[in-house]
Amino acid sequence: MALGIVVYWLEDDGEAAARPSCQEFSGLQLTQALACAEEKRREGRRHVSISTELEESVGRPGVAAVEAGRTPDGQAYDWSKADRAGKVRRR
């Protein structure tokens with residue numbers, strides 16, 4: 001099974017240090033993963049979190065930047081935070 005979603009939590013039996021645990025789900029099992037996380041929280045587990053690495057949403061490994069105004073696949077990319085936020089007001 002290709003991992004897409006993992007629910008993590010700490011097991012704490014009160015006797016020793018808490019130990020990490022997890023349950024794995026496919027990328028198509030988001031509803032089940034959310035239900036699992038809610039169940040762990042209701043059981044009193046601590047540090048319950050969900051991590052995803054969905055195959056259709058993750059880029060190629062090692063690609064982390066737009067360079068020379070192009071995405072890694074060569075598409076033009078001209079979005080900027082400055083354009084989105086608007087002009088700076090001067091006093």
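Residue numbers count from 1 along this sequence.
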Supply the atom-to-atom distance C22 SG to W9 CH2, rounded to the nearest 0.5 angstrom.
6.5 Å

Closest heavy-atom pair and its distance - V7, A33
CG2-O, 3.5 Å

Point-to-point distance, once rounded to the nearest 0.5 Å, from CD of Q32 to OG of S26
7.5 Å

If you round to the nearest 0.5 Å, how far is CG of L30 from OG1 of T52?
8.5 Å

Approximate separation, where rounding is to 0.5 Å, of T31 OG1 and F25 CZ:
10.5 Å

If hydrophobic clusters are built by linking Ile, Leu, Val, Met, Phe, Trp and Tyr wherever their side-chain heavy atoms come under 4.5 Å apart, do Y8 and L10 end up in the same one?
no

Roughly how far, to the nearest 0.5 Å, is OG of S51 from CD of E24?
11.5 Å

What pair of heavy atoms forms the shortest contact from A76 to R70, and how long is it?
N-NH1, 3.3 Å

What residues form a side chain to side chain donor-acceptor pair (under 3.5 Å) with R46, not counting sequence neighbours?
D12

Do R42 and E39 sit within salt-bridge range, that is, some charged N less than 4.0 Å from a carboxylate O?
no

Taking every non-hydrogen atom, the tightest pair across I50 and A37
CD1-CB, 3.9 Å

